[in-house]
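Heads up: the structure comes next, in structure tokens.
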Amino acid sequence: MIFLFSEYKWRNLNFRLAIYVLALSFIGVLVIKSAANGSMEDSRVTRQVLGIFVSIIVAGVLTLVDYHRILKISVLAYLTCIALLVWVLVNGVVRGGATRWVVVPVLGQLQPSEFTKIGLIVFFSWYFHKYQERINQVSILAATAVLFGLPVLLILIEPNLSTSLIIIMVFTALIFVAGLSYRWIFGILAVLTPIMGGFIYLLQYEMIPFLRGYQAQRILSFIYPDKYQENNLQQDNSVIAIGSGQLWGKGLNNTTIASVKNGNFLVEEATDFIFAIIGEELGFAGSLLVIGLYLLIIYECLWMARQARDTAGKLLCTGMAALIGFQSFSNIAVASKFFPNTGLPLPFISYGVSSLLSMYVGIGIVLNVGLQRKNTHNQGGVIT
């Protein structure tokens with residue numbers, strides 16, 4: 001059966017993880033409402049609240065589904081991700097020079113690359129579990145490179161460099177935990193180090209084929225800020241907003257004329273730069289609370305990875321920990337001007353139903369892994 005109620009020990013359900021996720025979602029609604037100047041009638045606020053409601057239901061259902069059942073359809077999940085990414089390129093919605101969204105009846109616009117993150121975690125958890133004894137063989141690594149390279153290439157073509165980089169980081173964590181030999185790791189690093197030097201050199205002349213002009217400018221403005229000052233304006237305003245919040249912030253929904261938000265100095269304040277709103281209105285204390293919640297979520301995912309009854313469960317939890325960790329760090333680093341400007345949502349907080357729903361899907365699967373720890377009897381543990 002898909003729902004193995006009698007097989008679960010409900011005391012193993014990780015309520016702490018669920019509470020941390022819900023807390024971030026609640027903070028997200030408050031901050032999005034503030035970005036909409038305190039209006040609950042703003043369509044973004046309404047859609048986010050509905051998105052959270054639907055996401056909780058989906059995560060709740062997935063918590064009850066034996067994750068081994070999900071792993072058995074991982075190949076189908078992978079092929080679906082590829083089909084959706086192709087659909088984006090063929091018949092996607094163009095916004096801001098990028099084609100990243102598709103229109104789905106009833107649901108509206110969705111971003112397939114967000115769901116691809118979860119799909120690839122599921123697929124490679126199954127794949128590395130199946131071939132864990134042969135993970136360091138050239139044939140397996142070659143097949144892995146092709147299977148991983150195809151969706152990343154399709155996402156790069158959209159173009160969506162930031163999502164591609166996050167997926168690469170998550171994949172790196174997965175293959176490392178799966179048991180990739182240090183011989184391969186050091187060999188890859190030895191090859192990549194000089195390539196990065198050449199990459200930066202060619203970047204100055206816009207000779208990187210998979211980068212658009214604006215993407216190259218963003219990276220160069222980070223490396224050479226004095227030469228590309230005009231490209232740093234958005235991040236400069238974000239840093240000002242974060243700093244102006246001081247210890248306790250200016251308060252949610254504030255109408256002060258000194259607010260960076262109210263002065264319309266921020267673009268994408270409800271999505272990519274929502275941490276600037278958190279810093280300005282909730283201050284250092286609020287920012288620390290948000291970062292602390294992310295650290296707690298990552299810790300819980302890694303703790304459940306350690307307790308998982310098999311390699312596949314371990315990889316599922318590790319993949320979600322890596323995804324939430326890298327993406328939240330990247331978003332905050334961009335808002336704080338520690339990273340080049342990229343368009344990444346802050347998990348569970350930024351406005352966007354696709355990102356929200358995909359993250360909850362991953363959390364639902366992780367919660368089921370936690371229900372079936374090593375000390376829990378389970379009859380569905382055979383993965384083929």
Side-chain angles (χ1 to χ4, degrees), residues 15-60 114 237-298 300 324 327-336 343-360 363:
F15 288 102
R16 297 185 304 275
L17 176 60
I19 290 171
Y20 301 149
V21 168
L22 290 174
L24 284 176
S25 297
F26 178 70
I27 292 171
V29 172
L30 294 179
V31 179
I32 292 170
K33 176 175 174 288
S34 182
N37 295 318
S39 175
M40 281 299 293
E41 297 179 359
D42 188 285
S43 62
R44 293 178 297 180
V45 179
T46 303
R47 281 179 60 83
Q48 191 75 359
V49 172
L50 289 175
I52 292 172
F53 180 72
V54 172
S55 297
I56 290 173
I57 294 175
V58 172
E114 291 296 328
N237 290 338
S238 176
V239 171
I240 292 171
I242 293 171
S244 69
Q246 300 185 46
L247 181 58
W248 300 110
K250 299 174 182 177
L252 289 168
N253 309 314
N254 78 81
T255 57
T256 173
I257 200 169
S259 169
V260 177
K261 177 202 73 177
N262 295 334
N264 294 320
F265 293 110
L266 288 173
V267 180
E268 305 294 344
E269 70 277 3
T271 52
D272 303 344
F273 282 90
I274 198 166
F275 191 76
I277 305 297
I278 293 173
E280 182 176 58
E281 303 202 340
L282 299 180
F284 178 76
S287 300
L288 199 61
L289 171 64
V290 168
I291 293 172
L293 285 171
Y294 281 121
L295 291 175
L296 288 171
I297 290 173
I298 294 166
E300 294 295 341
I324 295 170
Q327 186 160 319
S328 59
F329 175 78
S330 297
N331 179 282
I332 294 171
V334 168
S336 307
L344 282 171
L346 190 59
F348 307 110
I349 291 182
S350 288
Y351 168 71
V353 175
S354 296
S355 174
L356 187 67
L357 181 56
S358 65
M359 287 290 177
Y360 268 89
I363 290 297

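Remember, predicted model here, so these are calculated numbers, not experimental data.
A salt bridge between Arg16 and Glu300 is present, with a side-chain N of the basic residue lying under 4.0 Å from a carboxylate O of the acidic one.
When every heavy atom of Ala35 is checked against every heavy atom of Glu269, the shortest pair comes out as CB-CG, 3.8 Å. Closest non-hydrogen pair, Ala270 versus Ile32, comes out as O-CG1, 4.4 Å.
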Between Lys33 and Arg44, does a side chain to side chain contact (heavy atoms under 4.5 Å, CB included) hold up when you go through it step by step? CA-CA 8 Å; Lys33 176 175 174 288; Arg44 293 178 297 180; over 6 Å; no

Just do the side chain to side chain contact (heavy atoms under 4.5 Å, CB included) check on Ser238 and Phe275 with the steps written out, would you? CA-CA 8 Å; Ser238 176; Phe275 191 76; over 6 Å; no

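The shortest side-chain heavy-atom distance between Tyr351 and Ile274 does not fall under the 4.5 Å cut-off. No side-chain heavy atom of Ile27 sits less than 4.5 Å from a side-chain heavy atom of Phe348. Using a 4.5 Å cut-off on side-chain heavy atoms (C-beta onward), Ile324 and Ile363 make contact. Side-chain contact between Val334 and Phe273: present, with at least one pair of heavy atoms (C-beta onward) separated by less than 4.5 Å. Counting heavy atoms from C-beta on, the side chains of Val29 and Phe26 never come closer than 4.5 Å. Thr271 places none of its side-chain heavy atoms less than 4.5 Å from the side chain of Pro345. The shortest distance between side-chain heavy atoms of Ile349 and Ile278 falls below 4.5 Å. Between Arg47 and Val353 there is a side-chain heavy-atom pair separated by less than 4.5 Å.
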Which atom pairs, donor and acceptor, lie under 3.5 Å between side-chain atoms of residues 284-295 and protein residues at least two apart or in another chain?
residue, atom, partner, partner atom, Å
Ser287, OG, Gly283, O, 2.9
Tyr294, OH, Pro347, O, 2.4

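Note: Tyr20 OH to Ile297 CD1 = 9.0 Å, rounded to the nearest 0.5 Å. Here the straight-line distance linking atom CG of Leu344 with atom OG of Ser328 works out to 10.5 Å at 0.5 Å rounding. To the nearest 0.5 angstrom, Leu282 atom CG is 12.0 Å from Leu247 atom CG. Considering CD of Glu281 and OG of Ser244, their distance stands at 9.0 Å, rounded to 0.5 Å. Distance check: Ile52 CD1 to Leu357 CG gives 11.5 Å after rounding to the nearest 0.5 Å. Taken to the nearest 0.5 Å, the OG atom of Ser55 stands 8.5 Å off from the CD atom of Gln48.
With hydrogens and angles disregarded, no donor-acceptor distance shorter than 3.5 Å links the side chain of Ser34 to the backbone of Leu30. Here the side chain of Ser358 pairs a donor or acceptor atom with the backbone of Ser355 at under 3.5 angstrom.
Applying the side-chain hydrogen bond (donor to acceptor under 3.5 Å, both in side chains) test to Ser354 and every residue at least two apart in sequence or in another chain returns nothing.
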